[in-house]
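As the structure lists them, so they are numbered: ligands from 1, and atoms in each ligand from 1. Along the sequence shown, the residues carry numbers beginning at 1.
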Amino acid sequence: MLYYFPYRHVDKSKFFKIAELNAAVEFAQVKGKITFIETIGEKSGRRLIAYLKDDTGLIELIWFRSISWVQKNLIEEENYTAFGRLSFFMGKPQLVHPELESVSSLSTSSKNPLEPVYSTTEKLKAKGLGGKQIGKLVFTLLNIIGSQEIPENLPDNILEKGQLMDRFGAVKQIHFPSANQEYNRALRRLKFEELFIAQIRLILIRSERHRLSKGVVFSKVGDHFNTYYKDHLPFELTGAQKRVIKEIRKDTASGHQMNRLLQGDVGSGKTVVALLTMLLAIDNGYQCCFMAPTEILSQQHFASIKEQLNDISLEVRLLTGSTKSAERKKTLQLLADGEVKILIGTHAIIEEVVQFKNLGLAIVDEQHRFGVAQRARLWNKASIPPHILVMTATPIPRTLAMTAYGDLDYSVMDELPPGRQPITTVHRYDDQRSRVMDFIKSELALGRQAYIIFPLIEESDKLDYENLMQGYENVKAFFPEPKYWISMVHGRQPSDQKENNMQRFVKGDTQIMVSTTVIEVGVNVPNASIMVIESAEKFGLSQLHQLRGRVGRGGDKSYCVLMTSPKISNDARERIKTMTSTNSGFEISEKDLELRGPGDIEGTRQSGSLNFKLADLVKDKAILEAAKMYAEQIVEKDPELVLTENVRLKNYLVSPKGKTPWSKIS
Ligand code: ADP
Ligand code: MG
């Protein structure tokens with residue numbers, strides 16, 4: 001009950017002059033004399049009206065229930081204060097069922113000026129638990145308990161350093177503040193507590209893994225890594241790539257299991273980091289698997305990794321849902337024998353039947369939603385759990401990453417390979433389509449390629465398919481064969497057809513790719529320089545950013561055109577504006593968080609870990625940062641929380657009421 005917080009307070013120290021009241025005032029308190037009382041109306045329309053007058057005007061106080069009781073207690077010509085929700089009827093101000101107090105009795109009671117307002121429901125109200133009753137119960141409760149009932153759970157030095165109110169005081173003040181300032185202090189304390197407790201739980205899990213988990217040791221850099229690095233790597237690594245590889249090397253040499261999340265913007269070059277990490281594992285005698293979210297992406301990774309390894313002889317195999325059974329059998333055999341060094345594929349690779357000889361590393365590409373259950377399946381594939389590297393599809397805001405993934409180690413690649421030109425993004429309306437098509441023509445004339453994307457909200461959505469087919473016909477009319485060739489890819493095609501169409505585009509046999517969002521993540525065709533997104537208003541920000549990331553992957557100047565109908569919602573307009581004003585995935589993710597709130601952000605766990613009672617990840621960033629810093633300091637110094645100063649924190653964390661069901665990661 002005490003942690004059921006009011007959502008606002010009304011200031012009972014403030015009085016309105018009746019003449020000042022207007023429709024913008026939600027709750028009003030007035031002071032004046034009751035001049036006249038009458039009952040009017042029949043049956044259910046029967047009501048009591050008291051007229052209250054101050055020196056500026058008149059307001060009606062109205063009761064539909066308890067009429068005789070009110071009537072008996074009201075005294076004409078007496079001074080009262082009245083408080084309630086303000087309404088207007090025929091231009092006249094009214095308070096229906098106001099709280100009323102005679103001024104003489106008021107002066108004796110020293111009530112809190114700030115009264116809490118609690119949310120409640122019709123059902124609760126019917127059972128006598130309206131907002132007011134909740135307030136009364138809390139008030140009573142606070143009077144009969146003492147600080148030992150709500151013992152402090154934060155260490156003293158943190159209270160001191162953070163200048164935080166004590167816990168009992170904060171709980172009292174958040175319900176019945178003695179002043180606005182005290183309320184704000186209480187709020188800050190309780191927000192801090194909420195975020196701090198969440199942080200320390202995550203950090204303890206991480207610390208425990210660092211100290212106690214077992215991991216295979218990649219102690220050396222060997223021939224495969226070195227040969228690839230020296231002779232095959234087609235470019236110089238960016239600083240960010242080098243840094244991340246160093247972090248991974250350190251993790252994998254530690255003897256403990258790595259559990260790392262790699263956040264990198266679209267096009268920052270995560271794949272090569274994955275490849276180098278796999279070579280490191282192989283050099284130390286282990287097998288690896290590399291999992292991608294879609295068939296297309298698995299195939300693409302397979303092709304590109306085989307090509308990059310070129311004359312380095314290593315058995316690399318592909319396993320997806322559509323792998324033919326003879327092929328699958330062979331792969332499984334070679335895998336169990338330890339012959340296959342790299343297994344690339346979709347979710348098919350974590351199925352029960354897939355057994356490795358000595359799996360040492362699992363990489364999950366373009367997916368942060370890789371759940372606990374799926375991880376657990378990887379665990380079972382080796383006696384010592386393999387190292388795990390999860391690479392995100394799109395950046396997520398730092399505050400979210402900290403709360404949703406605080407138990408993972410976390411790397412950021414915030415640097416794009418050199419020579420990339422920013423993608424120019426524009427917004428065009430449907431009636432400008434022919435000009436957009438002309439622009440595509442001019443780019444194709446320079447030897448480039450183009451994507452045209454149609455929304456497909458659900459695989460089964462018939463309308464979307466018709467839309468796509470119609471769109472395809474339109475594009476064909478603009479770009480007739482044999483001068484132009486078009487690939488089309490969508491989710492309803494059999495996978496070999498999908499693959500075939502994709503490959504024709506990859507090889508440059510077709511200049512235009514008409515597709516649904518199946519190509520959203522990962523696809524890499526550096527020669528493509530135009531991305532046209534149809535009905536862009538239907539896409540979320542992170543999806544738009546992912547799609548745009550399919551161009552600008554080579555040295556050519558690239559463009560993204562967001563097509564919409566002329567009428568779009570304000571939110572959609574805001575998204576389009578964000579897209580046309582920045583290329584940074586990190587900035588976009590912050591905007592996304594702001595627009596949609598943490599619950600809806602793609603890629604965050606739906607575990608409720610982001611649903612705080614008081615804290616708001618957008619507004620309370622600073623508090624979160626502080627909470628995280630303190631939590632890290634404590635765990636660093638005292639990972640088991642055995643020092644006297646941390647005893648009450650530990651007690652709180654292990655007590656059932658302090659426990660939230662955190663999904664453990666490993
Ligand atoms: P993402 O992080 O989106 O998965 P990719 O790994 O697909 O990005 O890389 C995007 C493109 O950038 C690829 O064509 C890749 O070969 C290229 N690339 C990666 N790292 C570098 C680098 N250090 N210098 C130049 N090009 C790079
Ligand atoms: Mg990628």
Q: Please confirm whether the ring centroid of Y286 lies under 6.0 Å from the ring centroid of F218.
A: yes
Q: Do we get K476 above F479's six-membered ring, with its NZ or CZ under 6.0 Å from the centre and within 45° of the axis?
A: no
Q: One thing to verify: whether K621 and E590 come together as a salt bridge, which I'm taking to mean a side-chain N less than 4.0 angstrom from a carboxylate O.
A: yes
Q: Got an N/O contact under 3.5 Å between F235 and ligand 1?
A: no
Q: Is the side chain of H232 donor-acceptor paired with the backbone N or O of Q308 at a distance under 3.5 Å, no angle test?
A: no
Q: Examine G269 against ligand 1 and note whether any of their N/O atoms are separated by less than 3.5 Å.
A: yes
Q: Out of all atoms in ligand 1, which are within 4.0 Å of some heavy atom of T238? Include the element for each.
A: 23 (N)
Q: Does ligand 1 have an atom that lies less than 4.0 angstrom from a heavy atom of G264?
A: no
Q: So does L280 get a backbone contact from the side chain of N284, meaning a donor-acceptor N/O pair under 3.5 Å?
A: yes
Q: Short list, please: which atoms of ligand 1 are under 4.0 Å from a heavy atom of R420?
A: 10 (C), 11 (C), 12 (O), 17 (C)
Q: Please work out, at 4.0 Å between heavy atoms, whether the side chain, the backbone, both, or neither of E236 comes within that distance of ligand 1.
A: backbone
Q: Considering only heavy atoms of L237, which atoms of ligand 1 have at least one such atom less than 4.0 Å away?
A: 23 (N)
Q: Tell me which one of Q493, Q299, Q503 satisfies side-chain contact (heavy atoms from CB on, under 4.5 Å) with K498.
A: Q493
Q: Suppose I only count heavy atoms of V266 and a 4.0 Å limit; which atoms of ligand 1 are within that range?
A: 3 (O)
Q: With rounding to the nearest 0.5 angstrom, report the CZ to CD1 distance, F505 to I486.
A: 11.0 Å
Q: Taking only heavy atoms of T271, which atoms of ligand 1 are found under 4.0 Å from at least one of them?
A: 4 (O), 5 (P), 6 (O), 7 (O)
